Structure formats: structure tokens, C-alpha cells
Number of protein chains: 2
Amino acid sequence: MVGNSSISETVPASCCGPARPRDRIVTSARDLFHRHGIRGVGVEAIAEAAGTNKMTLYRHFGCKDDLIVECLQAVADEGLAMWVEIEAGHPGDHRAQLQAWVQQAANWLSADGRGCDLANAAMELTEAGHPARRLIEKCKRAHRDRLVDVCKAAGITQADLLADTLVLLLEGARVSRQSVGAEGPSAKFVRMSEAVIEAFAERGDGQRAATQD
Amino acid sequence: MVGNSSISETVPASCCGPARPRDRIVTSARDLFHRHGIRGVGVEAIAEAAGTNKMTLYRHFGCKDDLIVECLQAVADEGLAMWVEIEAGHPGDHRAQLQAWVQQAANWLSADGRGCDLANAAMELTEAGHPARRLIEKCKRAHRDRLVDVCKAAGITQADLLADTLVLLLEGARVSRQSVGAEGPSAKFVRMSEAVIEAFAERGDGQRAATQD
DNA sequence: AGACCATGTTACCGCTCAGTAACAATCGGG
DNA sequence: CCCGATTGTTACTGAGCGGTAACATGGTCT
């Protein structure tokens, strides 16, 4: 458990002015949950990292679970924003969008060794009907469906299978990195993903049977 | 956190005789850790589930961390035993051993939705130098190396890449199952794995370029 | 029988947790 | 300038945690 003392401040006092306490709390909570796990962080530590106190936290979030849901929702929103960015960066070129997704996934992998917040939360929140579980499932499903759409739009016939394969490779890479580090199997994620995409494109792409860019 | 009351007994009183308390404690601890997470189970609950008490637990394990390490070691041992079983089941036929590994992985997937205890522990035990982390890393690395050996023995040239791909697919399937359930991408794990093995065998197998069993 | 050792029982310690009450300070808008 | 809403401060509750002390019980071997 993270003690109340000597927590590396999420909001380093110098810049804790602009945002309202509520936003700072979510920001700090996300950071601490990510680094130490949800069950490894107490609300007091969150409030302190946000430059505020427990009372203010409980005025904005009725209980810790509500704060957890809000944090995970923020993660989900960033996931949606990623898709918007990818589409904006490669309008119409769905094959390039796929490659951009792989690149974005690689960025997540190289960011740190703490895996996906949603997957981690699904592991930690073992209570059957926890409100966060629905959100996690919906978000993961949406991400997968979106990837299917891009694969379909890229002309891949077995779009479902390719998308599911890429999802498992990414999910596996993020969890593997937590166990054996960045030099383990996850180091080859990009190579694997591009090879799989290539294999599916060769097999089931009508209009570009021989080209490969 | 799991309360002290109403825990479904791991050792249902009717059969809590034979094994010594120490073994019952490890068995119960593994089960509870698996189902509720390490941080979600208190030592009192473990002792109660094992049909004994906290004092006896602490006489065998100096602290909770020691018990955690022992439990993870037991998981690692079972992993080794799996390899022995696979080799014994298909002596000399390394391609069949690969298929047996896929089948065993599928069994893990269908067992329950709680993922790999080692990977879960790596997620929960965020403390940098926790004694369990070395064990987890060593075991995961050994599993991967063993898979590489089988791939090599099966005549696959890019054995490293195939083994790493299979590792990521399995790791991803187990974590995905926790988020979106058994009907998600993890449902296609066997199909994906066999397809990947096939692809690597076709590409880099000298003596059986056309056969496919 | 006696000694020993593993186990059971109860009570306790200090700590942290999630969550609350009561009151003081601050700050922006009329 | 003053009112009301937001925030800060302190102290507290009840519970669970990991871990320990002291003592009672039971079996086992000599």
C-alpha cells in the first residue's frame, strides 16, 4: 500500500493552480492507480497527490468506486480519441490506419511496463457486479469492433479473425511486459503484427493481390 | 477484501484430514489468491479456509510475502510438470507436442476467467524488489524458452518468433477473457495458434514442405 | 509415564483503510 | 460589501489488516 508520506507528487505544487480540484483528483488518481494498482492506493494518498484533501474528494465522488469508474471512463475516452486521431491522420487509407494502430500500440508498450489500466482493473476488481466491469467490457468490445471495421474497410476478408489476433497480441504484449520486461516477447510485437496483417492481406485481398504497401 | 465470514471453504471439513496444515494452507491460499487476487485476501481468511488458524500459518510462513512466493512456486512447478506430461505424451513428435501445448493452453482458458496467477501477481505486486517478481520473471522466461526448444525441434526455422507469438497470443487470451469474457477474441485462440504454427512450418520447414499433419 | 513438538485458542498490538462530522477560510458574483 | 458556494482543516469512527504473545491441547516417541 502506498503510504501517505513520500508519495511522488502527481501535481507538483508549481502547476496545481488552473484545474479545479475535481479534475486534479481524477488526474492524480489515474496516475496512482496506474502505477500502484487500484487496491494499492488509498483515497488519502490520492487527495494529497492532487493537492487537496479527503473531504473535498468525497464531496465530488461519493465513494472510491465512483472515482474508479470516473478514472476508467477517462481511459476509455482517450481510447476513442486515439481512433479519431488515427482516422484524421490517414483519411481514407485504411491500411495505413491499421499500421498507425500498430504504431500507437507500440507507443503504449514503450511508455511503461504497467499494462492497460482497463485490463488491470478487470484483474483487480474481482467483485462480481462491480460497476467498473461493465464499463471495461464495453470499452474493450468497442475497441475490438472498431479494429474490425478498419480491417474490413482495408479489404481484408477475415477481418474478424485479424482484429481478434491483433487484440490478443497487444493484450498479451502488455501483460508480458509486466512479467519479463521490455526485452521479452513483447519486443517483437510490431514485427508480429505487421506480419499477421500482411498474411491476412495476401490471403484475402481482392484488389491488391500482389502489391504490399 | 474477502471477509472472514461466508468464505466458500477450500477444504470442506469432510476432507481436511490427510494433508498437513502447511499443505492445506498453500492449497487454500492458491485458490483464494487466484479467485480474489493477492491483495484481496487476508491471512485470516486463508487460515480459516484451510481449516486452521492464523498462528499456525505464521509458524510455517514468516510473513504473507513468504506464503505468496510459495504459492507462486507451486504454480511454476505445475508449469514444469505440464512440459513433462506433454513430452511423455508425444515422445519424439515435436510437432504433436506443439499441438498439445495449444490444447493445454485452451484448457487453461476454459478453466475459468481469472487468467494466469503469475501474470496476475506481476500486476498486483507493484513493489519494485518484491521477492515474487524474480520468480515470476524466471518462470515466464523458462516457459518461453521451453516453447522455443520445441519449435526448434519441430524443425521451424524462426522458432524464436513463433514461440514469442504463441506466448503473446496465450497471455493476451487469458487477460482478454477477464475483460470481455469467453466469447471475446480469446475464443479463437486455438484457431489462431494453429494457423500461426502452420504458417511458420510452411515457411521454414525443410523436410516436410507439403505435408501438414 | 514423561518429554517434546505441532497445533489450537484467545487476545492483543499498531497501523491503515474508507468514510463522516463540524467548523473555519476563501473566493467569486450580485 | 455581503452572501453563498466551494474548499480546507482537524478529528473522529468502525472495521480490517499483518503480525505477535501466552497459554492450552493433543499426539508421538522413548
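On a predicted model such as this, the values are computed, not experimentally measured, just so you know. Residue numbers begin at 1 in each chain, while the letters A, B, ... track the order of the sequences.
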Task: Test side-chain contact (heavy atoms from CB on, under 4.5 Å) applied to A:V75 - qualifying residues, sequence neighbours left out - done: A:R30, A:D117, A:L118
Between the protein and nucleotides 5-12 of chain C, are there any N/O to N/O pairs under 3.5 Å, and if so, what are the atom names and distances?
unit_1: C:dT7; atom_1: OP2; unit_2: B:H60; atom_2: NE2; d: 2.7
unit_1: C:dG8; atom_1: OP2; unit_2: B:T52; atom_2: OG1; d: 2.5
unit_1: C:dG8; atom_1: OP2; unit_2: B:T56; atom_2: OG1; d: 3.1
unit_1: C:dG8; atom_1: N7; unit_2: B:R59; atom_2: NH1; d: 3.4
unit_1: C:dG8; atom_1: O6; unit_2: B:R59; atom_2: NH2; d: 2.5

Between [atom2] on [N] and [atom1] on [X], what's the gap in Å once rounded to a whole number?
X     : N      : atom1 : atom2 : value
A:D66 : C:dA18 : CG    : C1'   : 13 Å
B:I46 : D:dG19 : CD1   : C1'   : 13 Å
A:E44 : D:dC12 : CD    : P     : 15 Å
A:K64 : C:dC17 : NZ    : C1'   : 8 Å
B:F61 : D:dG18 : CZ    : C1'   : 16 Å
A:D23 : D:dT7  : CG    : C1'   : 15 Å
A:L57 : D:dT6  : CG    : P     : 16 Å
B:R39 : C:dT16 : CZ    : C1'   : 14 Å

TODO: Taking all non-hydrogen atoms of both residues into account, name the closest pair between A:K64 and A:V41 and its distance.
DONE: NZ-O, 2.8 Å
- [ ] Would you mind reporting whether B:I197 and B:L166 have side-chain heavy atoms less than 4.5 Å apart?
- [x] yes
Open item on the list: What I want to check is whether the side chains of A:Q97 and A:D93 have a donor and an acceptor closer together than 3.5 Å.
Closed with: no
Open item on the list: Checking side-chain polar atoms at under 3.5 Å, does B:N53 have a donor or acceptor matched by the opposite partner on B:T56?
Closed with: yes
TODO: Return the orientation label for the A:H143 and A:W108 ring planes: parallel under 30°, perpendicular over 60°, tilted otherwise.
DONE: perpendicular
